[in-house]
Amino acid sequence: MAKASRRGTAVRDREGDEMEFDAPRTRRPRAGSGGRWWVGVGRAVLWAFIIVVVFNGIWFPLRGGFALPTASEEPEQTEEPAYPETAAAAFGLRFADAYLDTADTEARLSALAAFVPEGEAAGLEVPADSLTGDNLTVVAVDVHDDHNASIIVRADVNGEPMRLDVPVYADGDALVVAGAPAFLAPPSRASLPEDASFETDPQAAEQLTEVLPGFFEAYAGEPAHLERYVEPGVTIAPLPENSLEFVELSDMAVPSQSPNGDDDVRQVAATVTWSVPAPDGAEAGRVTQNYLVTVVDSGSEWHVRDIQGAPRSFGG
């Protein structure tokens with residue numbers, strides 16, 4: 001029989017002698033051997049991430065440099081008119097002034113020669129004292145292209161309002177009158193439409209008759225009292241001292257509501273008569289003017305928020 005041995009198992013051979021063999025040892029797994037496998041995987045993932053980051057950091061800027069901008073990426077270019085309107089307007093106005101001054105024919109032709117091509121001034125000659133021009137002003141510049149425009153000058157020609165079109169050619173900063181000017185009729189007079197009717201507020205008007213006269217009096221003559229009538233937090237600059245003196249609030253229209261529908265705010269059309277100081281011994285004159293006064297109801301009384309000239313006072 002086999003007997004147990006501390007080191008192994010004893011068996012007999014064919015001759016009956018006992019032989020002893022070491023029993024195979026079971027190897028225990030090393031601590032952490034499974035964790036090392038995951039560490040290896042983690043390192044591989046980390047290196048892959050680093051390679052991707054480095055690759056993108058190098059490739060993306062290069063790719064952006066190689067890519068051609070699309071039409072939508074191109075910056076919008078704002079085209080500015082090439083014609084020098086401001087300089088040409090001043091140039092054309094000076095020419096018109098010389099053209100309409102016919103008191104001295106020789107001096108006129110000499111002055112015009114500075115504005116027109118060489119040898120063309122003689123073609124602009126007119127009889128002495130045949131033209132006069134007053135109140136000249138440029139009202140428009142009609143640009144035809146980068147080099148050509150008509151400078152439209154309004155003037156009183158021989159006492160009558162007229163329009164004078166002066167063709168001016170521009171080559172960079174260089175300017176020249178390109179032809180004889182043309183007289184045209186002045187702009188026609190517009191007709192004002194009738195004011196749109198609106199519902200008035202008699203109660204608010206009655207309350208404001210006790211507020212607005214005091215405001216206008218302080219606005220012209222007693223600026224120290226102006227704050228009393230102005231909405232808190234709002235500043236209204238008074239008229240220059242001793243420039244006008246309040247006489248009366250001759251007319252006032254208070255709408256039932258403001259344009260934005262706020263019942264606490266109204267835009268009042270006010271007609272005011274002022275007395276204009278006169279030199280010693282002379283009688284003071286009077287002038288009537290129209291205002292648009294914005295007032296606000298604080299709950300117990302009205303205050304002025306803003307004052308400006310009325311946009312329309314005719315044609316009502």
Side-chain angles (χ1 to χ4, degrees), residues 81 83-117 120-145 147-170 173-193 239-240 243-244 271-279 282-292 308-316:
Y83 190 85
E85 294 187 36
T86 302
F91 186 81
L93 181 63
R94 294 197 307 272
F95 168 83
D97 186 47
Y99 182 83
L100 294 174
D101 184 3
T102 59
D104 186 332
T105 304
E106 187 175 345
R108 176 179 178 272
L109 291 180
S110 177
L112 292 176
F115 296 93
V116 299
E120 296 293 344
L124 302 175
E125 186 175 0
V126 296
D129 297 324
S130 60
L131 293 175
T132 61
D134 298 300
N135 303 320
L136 278 70
T137 184
V138 175
V139 296
V141 177
D142 186 7
V143 178
H144 308 307
D145 53 46
H147 298 284
N148 297 279
S150 293
I151 310 304
I152 301 173
V153 179
R154 189 272 180 201
D156 291 334
V157 180
N158 295 343
E160 296 294 334
M162 285 192 183
R163 163 181 161 180
L164 188 67
D165 284 13
V166 181
V168 176
Y169 176 84
D173 295 332
L175 301 170
V176 66
V177 172
F183 287 121
L184 297 168
S188 59
R189 181 183 302 173
S191 297
L192 287 173
L239 293 172
S243 59
L244 296 173
T271 301
V272 177
T273 301
W274 301 104
S275 174
V276 182
E283 184 179 355
R286 291 190 174 187
V287 59
T288 300
Q289 296 183 329
N290 297 276
Y291 296 90
L292 189 64
Q308 55 185 300
R312 276 186 55 188
S313 56
F314 294 144

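Because the structure is a prediction, the values reported are computed rather than measured. No hydrogens, no waters, no symmetry mates; every other heavy atom, side chains included, goes into these values.
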(message) Quick check for you: to the nearest 0.5 Å, what is the distance between Arg286 atom CZ and Thr273 atom OG1?
(response) 7.0 Å

(message) When you compare the side chain of Phe115 with that of Val168, does any pair of heavy atoms fall below 4.5 Å?
(response) no

(message) For Asp173, I'd like to know if atom CG has over 12 heavy atoms of other residues, nucleotides or ligands within 6.0 Å.
(response) no

(message) On a heavy-atom basis, which atom in Gly92 and which in Val153 lie closest, and how many Å separate them?
(response) O-CG2, 4.5 Å

(request) For residues Leu184 and Leu164, determine if any side-chain heavy atom of one lies less than 4.5 Å from a side-chain heavy atom of the other. (result) no

(request) For Gln308, look at atom CD and say whether over 12 heavy atoms of other residues, nucleotides or ligands are found less than 6.0 Å away. (result) yes

(request) Measure the CG-CG distance between Leu124 and Leu112 for me, rounded to the nearest 0.5 Å. (result) 5.5 Å

(request) Report yes if some heavy atom in the side chain of Glu125 is under 4.5 Å from a heavy atom in the side chain of Thr105; otherwise report no. (result) yes

(request) Compare all side-chain heavy atoms of Leu136 with those of Leu93 and state whether any distance is below 4.5 angstrom. (result) yes

(request) Please answer whether the main-chain N or O of Leu131 pairs with a side-chain N or O of Thr102 as donor and acceptor at a distance below 3.5 Å. (result) yes

(message) To the closest 0.5 Å, what do you measure between CZ (Phe95) and CG (Leu175)?
(response) 13.0 Å

(request) Could you tell me the separation between the OG1 atom of Thr137 and the CD1 atom of Ile152, rounded to the nearest 0.5 Å? (result) 12.0 Å

(message) Counting C-beta onward and ignoring hydrogens, is there a side-chain heavy-atom pair between Val276 and Ser243 closer than 4.5 Å?
(response) no

(request) Report yes or no: do Asp165 and Ser150 form a side-chain donor-acceptor pair below 3.5 Å? (result) no

(message) Could you tell me if the side chain of Glu85 sits less than 4.5 Å from the side chain of Val143, heavy atoms only?
(response) yes

(message) Donor-acceptor pair, distance only, cut-off 3.5 Å: does the side chain of His144 make one with the backbone of Ala149?
(response) no

(message) With heavy-atom distances below 4.5 Å as the criterion, would you say the side chains of Asp145 and Tyr83 are in contact?
(response) no

(message) Give me the atom names and distance for the closest heavy-atom approach of Ala121 to Leu109.
(response) O-CD2, 3.4 Å

(request) Please answer whether the main-chain N or O of Pro127 pairs with a side-chain N or O of Ser130 as donor and acceptor at a distance below 3.5 Å. (result) yes

(request) Starting at OG1 of Thr132, measure out to CD of Glu160 and round the result to the nearest 0.5 Å. (result) 10.0 Å

(message) Quick check: closest heavy atoms across Val141 and Ala89, and the distance to 0.1 Å?
(response) CG2-CB, 4.0 Å

(message) Pair Phe91, Val177 - check side-chain contact (heavy atoms from CB on, under 4.5 Å), show working.
(response) CA-CA 9 Å; Phe91 186 81; Val177 172; 3.8 Å; yes

(request) Decide yes or no for Gln289 and Val272: does some side-chain heavy atom of the first lie under 4.5 Å from some side-chain heavy atom of the second? (result) no

(request) Measure across Pro161 and Asp156 and return the closest heavy-atom pair with its distance rounded to 0.1 Å. (result) CA-OD1, 3.6 Å

(message) Check for me whether Arg163 meets the cation-pi criterion with Phe183, that is, NZ or CZ under 6.0 Å from the six-membered ring centre and within 45 degrees of the ring axis.
(response) no

